[in-house]
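Some notes on the structure that comes next.
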Amino acid sequence: MANRIPRTPVREQNPQRRATNFEEVCLGYNEEEALLEASRCLNCKVPKCQGDCPVHIDIPGFIHRLAEGDISGAADIIHQDSSLPSVCGRVCPQESQCEGACVLGIKFEPVAIGKLERFVGDWAITHSDEKEVKKAAPTGKRVAIVGSGPAGLACASDLAKAGHEVKIFEALHKVGGVLVYGIPEFRLPKEDIVAKEVEAVKRLGVEIETDVIIGTTMTVDDLFDREGYDAVFVGSGAGLPRFMGIEGENLNGVFSANEFLTRTNLMHAYDAEYDTPIFAGKRAVIVGGGNVAMDAVRTAKRLGAEAVIVYRRSEAELPARVEEVHHAKEEGVEFRMLTNPVRILATDDGWVKGIECVEMELGEPDESGRRSPRAKEGSNFTVDCDVVIMALGTSPNPLIKSTTKGLETNRRGCIVADENGVTSRPGVFAGGDAVTGAATVILAMGAGRKAAAAINNYLLD
Amino acid sequence: MYEIVSKRILAPNITEMKVRAPRVAESARPGQFVIVRVDEIGERIPLTICDYDPLQGTVTIVTQTVGHSSDKINHLNEGDAFLDFAGPLGRPSDLLDLSDEELRSQRILFVAGGVGTAPVYPQAKWLHEHGVKADVIIGARTKDLFTYVDEMQGVANVYLATDDGSAGYHGMVTGLMKDLIDNQGKQYDRCVIIGPMIMMKFAALTTKEYGIPTMVSLNALMVDGTGMCGACRVSVGGETKFTCVEGPEFDGHLVDFDEAMRRQNMYKNNPKLVSEPHKCQCNNG
C-alpha cells in the first residue's frame with residue numbers, strides 16, 4: 001500500500017550552521033525523493049486537499065503526473081491555477097491548507113504537497129526555455145497594474161496571456177513586493193527564485209517600471225487620462241507597520257519588523273558590501289507571533305543577536321506557520337509565551353535597555369475564536385535587551401485611497417472589492433492585502449488571478 | 001537610470017544636480033522630496049526637491065557631504081546617472097492649500113540654515129509666482145557657505161546672517177529674526193524653517209515667543225520613504241507621525257526635536273552597529 005511509505009524527510013541546512021548565514025534553510029527534494037513522496041498520494045476521488053487550497057490547484061492531478069515521472073506535465077497542471085509555485089511551495093501555510101486536509105494525515109503523515117509543489121516549480125524555472133509561451137492574439141487593450149507583489153504579478157501574467165498589453169508600476173527599486181522586501185532570503189531566495197518568477201512574467205510581454213509610486217508620481221486618474229490605460233488593478237499590499245502605542249517606542253533601537261526586514265532583504269544590510277546599515281543588538285526582543293515575527297527573530301539571530309519572541313497568547317495560538325516556529329526553535333530562538341510588553345526602558349542616551357512585560361493568562365474565546373489574553377495584575381517583569389522589533393501586523397498604505405476619487409475603502413483603510421476584485425470605481429480592480437489586510441502570498445495571488453478574469457470580461461464586453 | 005544633466009559646486013562639499021526624471025518633474029510640488037540610490041549597493045537616500053522643471057523633465061537636488069552615501073552622490077558627475085530616483089514623496093507645503101487671496105494676506109517668513117536654503121527656494125519661488133514676495137533669512141557659519149542667495153533674491157526679500165559676521169547680520173538666524181521683528185517693524189503670520197535640526201529647534205522656539213505659526217521640514221532617517229518602514233517616526237504634540245507620508249513638514253512648536261536629533265544619529269558612529277559603523281543616512285535638507 002502506497003500509504004505505508006513514511007513521509008519523505010526533506011533535507012535542511014544544519015541548524016547551528018544556518019543560524020549564522022542567510023542561505024536557504026530547506027534544501028527541497030531531489031527528483032528521486034520527489035517521485036517517492038509523490039507515490040504516497042492516494043489520489044482520492046474527492047480530493048480534500050484541492051478544496052482547501054485557496055486557488056484550488058489540481059493537487060492529485062499534478063502529483064499523479066509527478067509520480068509517473070512527467071514533471072513537465074505536473075508543472076502544466078499547477079500553472080493552470082498558480083503563477084508562483086516555487087514561491088507558494090516555500091511560503092504557504094500548508095498545514096492549515098492542503099496538507100491539513102490530506103486524508104493520509106488522519107492516521108499517518110500527510111503527503112508533503114508543499115515540498116512537491118516546490119520541486120515542480122523549481123524544475124519549471126530551470127526548464128522555462130523549453131516551454132513555449134502561449135498567448136492570445138493582441139486585444140489592443142491596455143492594463144496598468146499597481147504593485148509587483150504576488151497579486152500584481154499573477155494578475156499581470158493572466159492578462160498578458162489573454163492578449164492585453166500590461167504594465168506593472170512598482171514603487172520600490174526592485175520587483176516582487178513582499179517577496180523581496182519582506183520574506184527573508186533564507187526562506188525564499190531572491191535571485192534563484194523570485195527574480196526567475198519575475199522573468200517568467202516579463203517573458204509574457206509584461207513591462208515593469210520601478211520607482212513609480214502610484215498616488216504621488218502618478219495618480220490612478222493619470223493612468224486613465226494621461227497614460228491611456230483601459231483598466232487598472234491595484235495590488236499595492238498592506239505595507240504600513242503597526243506599533244503598540246506604549247512608552248519608549250521611539251527610542252533608538254526600536255524598529256518595526258518591516259524596517260528591520262526591509263533593511264536586510266531589500267537593502268542587503270547583512271552583506272558588508274552594501275551601504276545600508278542595520279542594528280540587531282546583543283539581545284533583540286521581537287514582539288508578535290506571526291510569520292513576520294518569525295522572519296524578524298531569525299534574521300536577528302543570523303545577525304548575531306540573542307533573539308527572543310515575546311507573544312501575548314500561548315504557543316497553540318501562534319499564527320506563524322508550524323515550520324517557521326520549529327525552525328526558529330532549532331536555531332536557538334527563545335520563546336516567551338503569555339507575555340505582553342507594557343513599556344520599553346531607556347538608557348541615559350535614549351537607547352533601549354530593556355522591555356517591561358506582564359504575564360498574561362487566557363480567558364474566554366474572542367471573535368477570532370482564540371482565547372483572549374488578559375494581564376495578570378502585578379506580574380510585571382523586565383526582559384533585558386538592546387533592540388525591540390515590533391511585528392504586530394500591517395495595514396494598507398493610504399496613498400492610493402487618498403488620491404483616487406470614487407474608490408471606496410472600509411474603516412480599516414482596505415479597498416472595498418468583491419470576490420472578483422471589482423471596486424466602487426468602474427475600471428478599477430483591486431486584490432491582495434490592499435483589500436483583505438495582511439494575509440498570505442497564495443491568497444494575494446488568487447485574488448490577482450480572479451481580478452484578471454474580471455478585467456478580461458470588463459475589457460471584452 | 002536617471003541622468004545628471006548638470007552639476008554645480010555651490011560651496012565646499014555642497015553640490016547641486018539637475019537630474020532627468022520626467023515623471024517626478026511632472027508631479028513635484030514645493031515641500032516634497034525624492035529617494036535616490038546611486039548604485040546597486042547604495043542606500044536609499046531622501047533628498048528634498050530644490051527645483052523642478054516639467055518642460056525639461058528635470059528635478060534639482062542639493063547634497064552636502066556628511067557621510068559615505070552623500071559623498072558617493074557628490075562624486076557623481078554630469079553625464080553619470082542615479083540608478084533610482086523615486087518621488088515625489090511626502091506632502092507638499094501647507095502654503096499650497098491656501099487660495100491666492102489668502103496667500104496675499106499673509107506675511108510669510110522663511111528661515112533657511114546651511115544647505116536648507118535650497119529646499120526653501122521652490123516654496124519662495126512658488127509664492128512669487130502667486131504674487132507674494134516673502135522674507136527669507138539665510139544663515140550660514142561664514143559667507144563662503146552661502147548657497148542659492150542669487151536665486152532667492154530673484155523671488156524674495158533676502159536677509160543674510162553669518163555666525164562670523166563675514167556677511168549680513170553678525171550672529172545666528174534667531175538673532176536676525178528678533179532684530180527684524182523688534183527693531184525693523186516686521187510682522188509675520190507664518191514661518192517656515194528648513195535647516196539643520198538644531199537650528200530648526202531654536203528658530204522654532206523663537207517664533208513661539210512671538211506666537212507665529214511655524215512649520216519645519218524634518219530630515220529623518222528613511223528606508224522606503226512610502227510609509228512602510230517607520231524609521232522616520234517623529235513625535236509631534238505627543239503623537240507619533242511618519243515623516244515620509246505625514247510630513248516632511250510639521251508644526252515646529254509641537255515637534256520633539258531632542259528625540260528627532262537622537263533618532264537621526266541612530267547609525268552615526270555607533271559602536272553597537274552590527275554592520276560597519278559610520279554609514280550615514282543623510283538627508284541634507
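For clarity, every value in this text was computed on a predicted model and none was experimentally measured. Lettering follows sequence order; numbering is per chain, from 1.
Using a 30° and 60° split on the angle between ring planes, H268(A) and Y274(A) fall in the parallel class, below 30°. Using bins of under 30°, 30° to 60° and over 60° for the plane-to-plane angle, the ring pair F22(A)/Y270(A) lands in the parallel bin.
Heavy-atom distances place the side chain of R226(A), and not its backbone, under 4.5 Å from chain B. Proximity to chain B (any heavy atom under 4.5 Å) is restricted, for Y181(A), to the side chain, taken from C-beta onward. If you measure heavy-atom distances from L172(A) to chain B, the contacts under 4.5 Å come from both the backbone and the side chain. Neither the backbone nor the side chain of L261(A) comes within contact range of chain B; no heavy atoms are under 4.5 Å apart. Neither the backbone nor the side chain of E170(A) comes within less than 4.5 Å of any heavy atom of chain B. Residue contact with chain A, scored on non-hydrogen atoms closer than 4.5 Å, is absent for I35(B). Contacts between F242(B) and chain A at a heavy-atom distance below 4.5 Å involve the side chain alone, from C-beta outward.
Per-residue counts of heavy-atom pairs under 4.5 Å with chain B were compared for P241(A), S256(A), G239(A); the largest is that of P241(A). Of all the listed residues (R29(B), E40(B), R262(B), R263(B)), the one sharing the greatest number of non-hydrogen pairs under 4.5 Å with chain A is R262(B). Chosen from T210(A), T216(A), V212(A), the residue pairing most often with chain B at heavy-atom distances under 4.5 Å is T216(A). Put simply, of E209(A), M390(A), E249(A), the one with the most heavy-atom pairs under 4.5 Å next to chain B is E209(A). Comparing G225(B), G230(B), P88(B) by heavy-atom pairs within less than 4.5 Å of chain A, the highest count is held by P88(B). Among the candidates R37(B), E259(B), E239(B), K72(B), the residue making the largest number of heavy-atom pairs closer than 4.5 Å to chain A is R37(B). Comparing N397(A), T262(A), L399(A) by heavy-atom pairs within less than 4.5 Å of chain B, the highest count is held by N397(A). Ranking I213(A), N258(A), N250(A) against chain B, the residue ahead of the rest is N250(A), based on heavy-atom pairs under 4.5 Å. Most heavy-atom pairs under 4.5 Å with chain B: of the set V254(A), N252(A), L266(A), this distinction falls to N252(A).
Proximity of a side-chain donor or acceptor of T404(A) to a complementary backbone N or O of L407(A) within less than 3.5 Å is not detected. Looking only at distances, no side-chain donor or acceptor of D53(B) sits under 3.5 Å from a matching main-chain atom of T58(B).
Between K18(B) and E78(B) there is no salt bridge, since no side-chain N of the basic residue sits under 4.0 Å from a carboxylate O of the acidic one. At a threshold of 4.0 Å, the pair D51(B)-K125(B) counts as salt-bridged, since one of the basic side-chain nitrogens sits closer than that to a carboxylate oxygen. Electrostatic pairing of R298(A) and E331(A) counts as a salt bridge here, judged by a charged N lying under 4.0 Å from a carboxylate O. Look at E306(A) and K282(A) and you find no salt bridge, because none of the NZ, NE, NH1 or NH2 atoms lies under 4.0 Å from a carboxylate O. Ion pairing between a basic and an acidic side chain is recognised when a charged N comes within 4.0 Å of a carboxylate O; R302(A) and E185(A) show no such pairing.
The two atoms that bring F257(B) and A204(B) nearest to each other are CE1-CB, 4.2 Å, heavy atoms only.
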